[in-house]
Amino acid sequence: MNDRNTSLVCSLEHLTRDDVASVGGKNSSLGEMIRSLSNQGIAVPPGFATTSYAYREYVKSNGIQEKLPEMIADWQSGKATLAETGHAVRALFLRGTWPVDLAYAIIHAYHQLSASVGSKDASVAVRSSATAEDLPDASFAGQQESYLNVTGEQGLLNACRRCYASIFTDRAITYRQAKGFDHLKIALSIGVQQMVRSDTGGAGVMFSIDTETGFDKIVLINAAWGLGENVVQGTVNPDEYQVFKPLLDDAHLVPIIEKKRGEKGMKMIYGDDQMPTRNVPTSKAERFAFVLSDTEIRQLACWACIIEKHYGCPMDMEWAKDGISGKLFIVQARPETVQSRRESTAVFKTYKVHNKGRVLTTGLAVGDAAVSGRLCLIADAQDIEQFIDGSILVTKATDPDWVPIMKRAAAIITDHGGRTSHAAIVSRELGLPGVVGTGNATYVLHTGQDVTVSCAEGDAGFVYNGISDITTQTVDLAGLPPAQTDIMINLANPAASYRWWRLPADGIGLARMEFVVANAIQVHPMALVRFDHLKDVQAKEKISDLTAGYDHKPNYFVDKLSHGLAALCAAVYPKPAIIRMSDFKTNEYARLIGGAEFEPTEENPMIGFRGASRYYSPHYKEGFALECRAIQVLRERMGFTNAVVMIPFCRSIREAEKVLRVMAQNGLRRGEHGLQVYMMCEIPSNVILAAEFAEHFDGFSIGSNDLTQLTLGVDRDSGELSDLFDEQDAAVKWMIARVISEARKAGCKIGLCGQAPSNHPEFARFLVEAGISSISVSPDSFVAVKKHVIAAEQAESSELKGWEKYDLG
């Protein structure tokens, strides 16, 4: 039993990851976790594995090794088709008989396993584990078969025989050929494990890295009700959870960045002797509930970190929750094979889509690219021969049978599936943009239609009508020297924040809260606070739908806002993320669901009821209280203490005092728990009284657009006055230089948010000479601005400093 070269069966607990040649990647990894990680709390169901020696004994006993080389040679030379070859080879295995000693070894190990778990005929999972799978450069995901809820001696032997045959499925043959593995030297181990009763609980997939961007501080978890095959195969749209790894060490924190509820339309449960598993519809309650609690999400994320640390590389794991005991288990772990093998972190490509047609459908984005092309809709795997090379594949869901045509596609669109579905995994591995889980692609799209698939706009993937203009930009970070001035980025969209984690930014200089409110929340906060008194019946219905699952509707606002902001903070942690509190104008607030009842009509909203004036007003202070609660959750419950609060459009010292007092009443007291509070400098009064404002705030951020508009008296949106709007006007530069000087005297940090430094190197130089602490720009301008700033810092000039050109007395 201890000699792997001649053993037929081995208990998982006796295996390590060095046993790949004997029991394959899957089984050796299970043994490794049982032996090395059980003492750290990782739970793996017990079981045993047949060896590669056992496989070769079966092949030899049935004379398969004499017939196999000729069959493979006929296919490779074109004398037989892939389908003909695969069918013929599988028939050899399925018609084979078990060598007596091998059959005895399997049955004996099965009875030992059954006894150890207190059962006569234990229900087991029977999974294939090829000796070349789950390698760092080849996942072999789903290439061989798995069989669930297998019971009894005969049932087990039949499942094992089918596992052996599955090493020569058409998809497995194709994949091995593409990866350069010898079909004749490959061998198969079979893993037999006690079934976790996830048929009454839930199951799913977990990655210790963000699958789309390679962001290495995230654990991504997908979850669905029932057995996990539906998540792996992409036949349901699962829940998705994201957890921030660096904050998991503190047991008091719950750093769950995102909880996205999937529709989970069906679940796989136990069947009968003829059909061991079957799919049934989920209940309405199951569809509206999360599969995992926060405690369970956190536990799985901690396990992912332990497993990743042990293996020394990002990992792809499968988990299951026993619905009877409530316990969680890891049932598979293998190296992640796409993001972890990207050639360089110093160079990455960004895509932009211009002249977009109307949106035809949306789903989850796979990858970050965009492509235009012609659709080819294939409803059934039996019809894949109809696929036209180079087309964009549209189908309900994919499984390994689809791989041969997926390799020939320009992009992939599916009705079903999450980020860890088969379609997503293969799209990622092939480097194809994919939009998965649309729900309706096969209904609204048709063969021959020209579309643009965009995965370049964050988490959401879009399918646009027609051929759009797509531009690409290669960003090279290599060789960028450090700058004395902090170069930060402006981010608003949490869904796109991880795309920029490789930028050596010094933090986020401006995170716009209103983007999260408008896109993730959509509802006016006062409409949630005073929901029972809303007059707009249609708005009430929409709000009821959006807040399903929330007993107290204001909690919906706090939950969505705190999670959205967490993604932004995570992207730059532990560097600062400066979050501007809501700065909608009244006409923009009114467009939120239920907002019309709470907003006045103003002639000039730009200088109306906006910013700080709202926060203490009886018309909005309950809404601002929800904003403060979200920040408190973000910093104190999740642990993102790098979040800095910024107050916009603060007109006077008296108003600053009011806002700070209201914040303190709502749990945000400046200086407590390290909380810093900045203010926007965008009004001439902010410059004139900069020294006084500095007594109340920790820093300033110059909003150059509004400051230019109000200094020059020019509407920036007026076409007639466009020539007058100039951030480099002498008056505007005087204002900027003055407030920088005052901030530095007071020991406050001061930055500028705007695109002028990227468009005009001389403006960047002016800011550097004036002594600016930081410059914050859009991510795609980061490299250009940093180069301009470095050049300005390195320039030896005898000219006067920026603020010395003006009489600032």
Side-chain angles (χ1 to χ4, degrees), residues 217-219 241-260 290 292-299 301-302 305 491 494 497 507-508 510-517 520-521 525 528-529 550-582 615-616 621-647 659-679 696-699:
K217 295 180 181 178
I218 290 294
V219 173
Y241 317 119
Q242 294 180 11
V243 188
F244 191 61
K245 293 192 287 190
L247 296 175
L248 282 169
D249 289 340
D250 188 334
H252 297 97
L253 300 178
V254 185
I256 301 172
I257 292 175
E258 182 175 62
K259 291 175 64 177
K260 189 182 296 180
F290 287 110
L292 296 174
S293 68
D294 285 0
T295 300
E296 290 167 335
I297 294 168
R298 199 184 189 286
Q299 181 179 338
C302 288
C305 293
L491 282 180
S497 57
I508 295 175
L510 176 61
R512 300 178 180 88
M513 180 182 287
E514 55 270 16
F515 185 97
V516 181
V517 175
I521 299 173
L528 294 165
V529 172
Y550 289 88
D551 294 332
H552 184 53
K553 301 210 179 299
N555 289 346
Y556 166 80
F557 185 93
V558 174
D559 186 51
K560 292 290 185 182
L561 182 56
S562 58
H563 282 99
L565 297 176
L568 298 174
C569 292
V572 296
Y573 185 89
K575 297 171 183 174
I578 302 172
I579 299 168
R580 187 176 69 190
M581 303 301 275
S582 65
Y615 304 158
Y616 55 86
K621 66 179 182 180
E622 290 169 290
F624 183 64
L626 298 184
E627 296 181 26
C628 292
R629 274 181 55 198
I631 296 293
Q632 196 171 20
V633 169
L634 173 71
R635 288 177 51 85
E636 297 174 24
R637 184 167 186 267
M638 295 184 184
F640 289 102
T641 52
N642 62 323
V644 177
V645 170
M646 184 156 67
I647 305 301
V659 169
L660 290 171
R661 190 158 51 245
V662 170
M663 287 177 61
Q665 291 168 358
N666 286 290
L668 295 181
R669 189 179 302 275
R670 180 188 169 207
E672 234 176 56
H673 305 296
L675 176 65
Q676 290 189 316
V677 183
Y678 283 26
M679 67 167 276
H696 295 82
F697 295 99
D698 300 290

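Treat the numbers as computed from the prediction; the structure is a model and nothing was measured.
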- request: Would you mind reporting whether Ile647 and Tyr678 have side-chain heavy atoms less than 4.5 Å apart?
  value: no
field: Distance, nearest 0.5 Å, that separates CD1 of Ile508 from CG of Leu491
entry: 4.5 Å
- prompt: Quick one: does Met679's side chain get under 4.5 Å of His696's, heavy atoms only?
  reply: no
- request: Mark yes or no for whether Asp698, through its side chain, and Val677, through its backbone, hold a donor-acceptor pair below 3.5 Å.
  value: yes
field: Side-chain heavy-atom pair Arg298, Leu248 within 4.5 angstrom cut-off
entry: yes
query: Does Met581 reach the side chain of Met646, with side-chain heavy atoms less than 4.5 Å apart?
result: no
field: Gap separating the CG atom of Leu565 from the NZ atom of Lys560, nearest 0.5 angstrom
entry: 13.0 Å
message: I'd like to know if the side chain of Tyr241 and the backbone of Leu292 have a donor-acceptor N/O pair within less than 3.5 Å.
response: yes
message: Show the nearest heavy-atom pair for residues Ala643 and Cys569, with the distance to one decimal.
response: CB-SG, 3.9 Å
query: Are Ile256 and Gln242 side-chain neighbours, meaning at least one heavy-atom pair lies under 4.5 Å?
result: no
message: On a heavy-atom basis, which atom in Ser497 and which in Leu568 lie closest, and how many Å separate them?
response: CB-CD2, 3.8 Å
task: Decide if atom CZ of Arg669 counts as having more than 12 heavy atoms of other residues, nucleotides or ligands within a radius under 6.0 Å.
output: no
query: Could you walk me through whether Val645 and Ile579 pass the side chain to side chain contact (heavy atoms under 4.5 Å, CB included) check?
result: CA-CA 5 Å; Val645 170; Ile579 299 168; 5.7 Å; no
query: For the residue pair Tyr616 and Phe624, is the inter-centroid distance of their aromatic rings smaller than 6.0 Å?
result: no
field: Neighbour count >12 (heavy atoms, 6.0 Å) for atom CG, Asp250
entry: yes
statement: Which of Asn666, Asp559, Asn555 passes side-chain hydrogen bond (donor to acceptor under 3.5 Å, both in side chains) with Arg629? It is Asn555
- request: Quick one: pull up OH in Tyr550 and CG in Leu528 and give me the separation to the nearest 0.5 Å.
  value: 11.0 Å
Side chains of Ile257 and Val243 in contact at under 4.5 Å (non-hydrogen atoms): no
field: Whether Glu627 side chain and Ser582 backbone form a donor-acceptor pair below 3.5 Å
entry: yes
message: The criterion is salt bridge (Lys or Arg N to Asp or Glu O under 4.0 Å); which residues satisfy it with Lys553, sequence neighbours excluded?
response: none
- request: May I have the step-by-step check of side chain to side chain contact (heavy atoms under 4.5 Å, CB included) for Gln299 and Asp294, ending in yes or no?
  value: CA-CA 9 Å; Gln299 181 179 338; Asp294 285 0; over 6 Å; no
task: Of all the heavy-atom pairs spanning Ala520 and Tyr556, show the shortest one and how long it is.
output: O-OH, 3.5 Å
query: Hey, does the Lys NZ or Arg CZ of Lys259 hover above the aromatic six-ring of Phe290, less than 6.0 Å from the centre and inside 45° of the axis?
result: yes
- prompt: Shortest non-hydrogen contact from Cys305 to Val219?
  reply: SG-CG2, 4.4 Å
statement: Correct closest heavy-atom pair for Pro574 and Asn642 would be O-CB, 3.6 Å
- prompt: Closest heavy-atom contact between Tyr573 and Gly639?
  reply: CE1-O, 4.3 Å
Straight-line distance of Leu247 CG to Lys245 NZ, nearest 0.5 Å: 12.5 Å
query: Which distance, rounded to the nearest 0.5 Å, do you find between the SG of Cys302 and the CD1 of Ile297?
result: 12.0 Å
- request: Please check if the side chain of Arg635 supplies one atom and the backbone of Thr641 the other of a donor-acceptor pair under 3.5 Å.
  value: yes
query: Are any of the side-chain heavy atoms of Met638 and Leu253 separated by less than 4.5 Å?
result: no
- prompt: Can you tell me how far the CD atom of Glu636 sits from the CG atom of Leu675, to the nearest 0.5 Å?
  reply: 8.5 Å
